[in-house]
**Student:** 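What follows is a single structure, and I will ask about it in a moment.
In what follows, chains carry the letters A, B, and so on, assigned in the order in which the sequence lines appear, proteins first and then strands, with residues in each chain numbered from 1.
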Amino acid sequence: MRASELFTPTLRETPAEAEIASHRLLLRAGFIRKAAAGIYTFLPLGWRVIHKIEGIVREEMDRAGGQELLLPIIQPAEVWQESGRWELYGEEMFRLKDRHGRPFCLGPTHEEIITALVRAEVNSYKQLPLLLYQIQNKYRDERRPRFGLLRGREFIMKDLYSFDRDEAGLQESYNKMYVAYSNVFRRCGLKFRAVEADTGAIGGNFSHEFMVLADAGEALVLFCRCCDYAANVEIAPASPRPAPAGDDQPLELGKVHTPGRRTVEEVCSYLGVDPRRLIKTILYEADGQLVAALVRGDRELNEVKLQKVVEAARLNLADPDRVEEALGVPVGFVGPVGLGSVPLYADLEIPYLVNGVAGANEKDYHYVNVNPGRDFVPLKVADLRQVVAEEPCPQCGAPLEEARGIEVGQIFKLGTKYSLALGALYKDDRGEERPIVMGCYGIGISRTMAAAVEQHHDEHGIIWPVSIAPYQVVIIPAAVRDTAQREEAEKIYAQLRAEGVEVVLDDRDERAGVKFVEADLIGYPLRLTVGKKTVAQGTVDWKWRWSTEERAVPREGLARRVKEAINAALQEPGGFYRGFPGI
RNA sequence: CGGGAUGUAGCUCAGCUUGGUAGAGCACCUGCUUUGGGAGCAGGGGGUCGCAGGUUCAAAUCCUGUCAUCCCGACCA
């Protein structure tokens, strides 16, 4: 491709709407443009990257036995009503009606439609297992789209669904996908971790998320330095540890005046107690009913854990005004002692407390010498708190590390949730009807593109891994008006193309500086510069985008050397980033 | 959905407080010079000031409504 013909409108200045690196750089370098909030056009360079990622995904899915098909974007309401998710999905679903008033939606995901397909076409155990996948636009009307491609309303996703006869078959499919996903992200040149994860609203009972490690990531992951343990903080189990040594003998419950002290910090400094002795009482609405969660003052509550323990379909922090209305106490003074009918859910650490401090359920008062078991009895004691770095690994006990991650893929065991709801059954070898056992496995293609930029960029622009770069090489003649330089560059261009290298010739009549700056911004992995000096001495200047080093290499045999270097880079995508900080 | 902010040229923004008929830099077009890290000079084109009402002799500017976008929070296969 000639740069003079390439449609890559670059921006010298950063668009005001872009906050994070990937959004900023993809806009500036001319890969994407915004059409509406959370909806983007992919320009030629951006679309090439998407194709590269899709290509890698296809190869790995096919290698694992997957078969590609294409499901509709517009889906009829019926199948969603059958699974019960037409109601459950709520506002996040884009809904529409046809001219006859029949309800449809833009598919936010495809479990229903593919299960309906398999229900109709698969009847016998002989047709199983089956791995079907598609790469498609998906639609979710996010309350708040943000971060460019990382959280859009229209996005490109690969998802594969596995259909097996039984649990053992599902486990096998799941393992295949785990391996395939690891291959995909390794080949994309990304530093990632597979972490144990919550299954969320999609249902099912076992899941891993694939996280690209980057500071812009919305997820927090914990991983062990010594063993292979890694988990999303949402589900990482805490090990209970005793409260600090204090008074061993329970003292008499007492009420103290704490005017205006609402927060843990305020109460603790006012009363001169360690936050570890405080009982933090947080009120939630679980399916409309008020519940109280108790954690130590120095801990953070984990809502995902609470939701599971409470067994609520919907759980959200209770509105402070509603709490005051229901309990007659401002939230800062609510405590477990004498809280009436509100069910108490206590973290594992709470029963270890001796002579703790808690709200007195009376404005401007707290209780001291609160003793769990004596002064209140929780409905349930369970792991409710957030684990933090340096706590012991649940597998081996070594201190955990934490990192931020961008979720680019997730694999689930669904079991029979959808096959039962939609009646996807098969006859086994004894003629008995049984539900198909399902799994689902997603990769955010467009999100992976953004994640790659988050992980691989510098102050000048993007640094694409060779495997997903829009083009592998750019040739820059320093001055195209110099016939010798121009002809030399044209020759190299023709030779590289003959070798099958994906190359851009920057044949524009621009100053060399402009071409260098744009090449850095766009992030071509390899740059070959032809100048007056290199022509005279029979060399070209060779520079990798991720390196600061530039060296003159002989013009003789250049095309083959480039081809070999590109192949080497494709073989070991992460190898070129050894210099990058990582884990 | 709650809180905050912003909509003026393709991009970044000034002008708004104190109403008087629209500006800068970059980008674009033409010419000359320049040519290995976003060049210089000269000339030129481009905006119903988000939209709709209202106040006024007069509105980018004041008032009301509305739409859009961004940030924080809530939410999130």
**Student:** Using a heavy-atom cut-off of 4.0 Å across all strands, would you classify A/Tyr441 as base, sugar-phosphate, or nothing?
**Tutor:** nothing

**Student:** Using a cut-off of 4.0 Å on non-hydrogen atoms, how would the nucleic acid contact of A/Pro9 be classed: base, sugar-phosphate, or nothing?
**Tutor:** nothing

**Student:** Using a distance-only criterion (donor-acceptor N/O pair, under 3.5 Å, no hydrogens), is the base of B/rG36 paired with the side chain of A/Glu550?
**Tutor:** yes

**Student:** Have a look at A/Arg33 and say if it touches a base, only the backbone sugar-phosphate, or nothing, with a 4.0 Å heavy-atom cut-off.
**Tutor:** nothing

**Student:** Just call it for A/Lys34: base, sugar-phosphate, or nothing, with non-hydrogen atoms closer than 4.0 Å on any strand.
**Tutor:** sugar-phosphate

**Student:** Donor-acceptor check, side chain of A/Lys305 to backbone of A/Ala236, threshold 3.5 angstrom: yes or no?
**Tutor:** yes

**Student:** Do A/Glu518 side-chain and B/rG38 base share a donor-acceptor contact under 3.5 Å?
**Tutor:** yes

**Student:** How would you label the contact of A/Gly531 with the nucleic acid (heavy atoms, under 4.0 Å): base, sugar-phosphate, or nothing?
**Tutor:** base

**Student:** Is the shortest side-chain N/O distance from A/Arg144 to OP1 or OP2 of B/rC76 below 4.0 Å?
**Tutor:** no

**Student:** Taking any heavy-atom pair under 4.0 Å as a contact, classify A/Ala37: base, sugar-phosphate, or nothing.
**Tutor:** sugar-phosphate

**Student:** Can a side chain N or O of A/Arg12 be found less than 4.0 Å away from OP1 or OP2 on B/rA27?
**Tutor:** yes

**Student:** Tell me which nucleotide, if any, is Watson-Crick or G-U wobble paired with B/rU61 when both distances must be under 3.5 Å.
**Tutor:** none

**Student:** With sugar-phosphate meaning primed atoms plus P, OP1 and OP2, does A/Glu92 contact a base, only sugar-phosphate, or nothing at under 4.0 Å between heavy atoms?
**Tutor:** sugar-phosphate

**Student:** Take atom NZ of A/Lys515 and atom C1' of B/rU34, then tell me their distance rounded to the nearest Å.
**Tutor:** 14 Å

**Student:** Give A/Ile476 one of three labels, base, sugar-phosphate or nothing, depending on what nucleic acid heavy atoms sit under 4.0 Å from its own.
**Tutor:** nothing

**Student:** Counting distance only, does the side-chain N/O of A/Ser207 pair as donor-acceptor with the main-chain N or O of A/Ile411 below 3.5 Å?
**Tutor:** yes

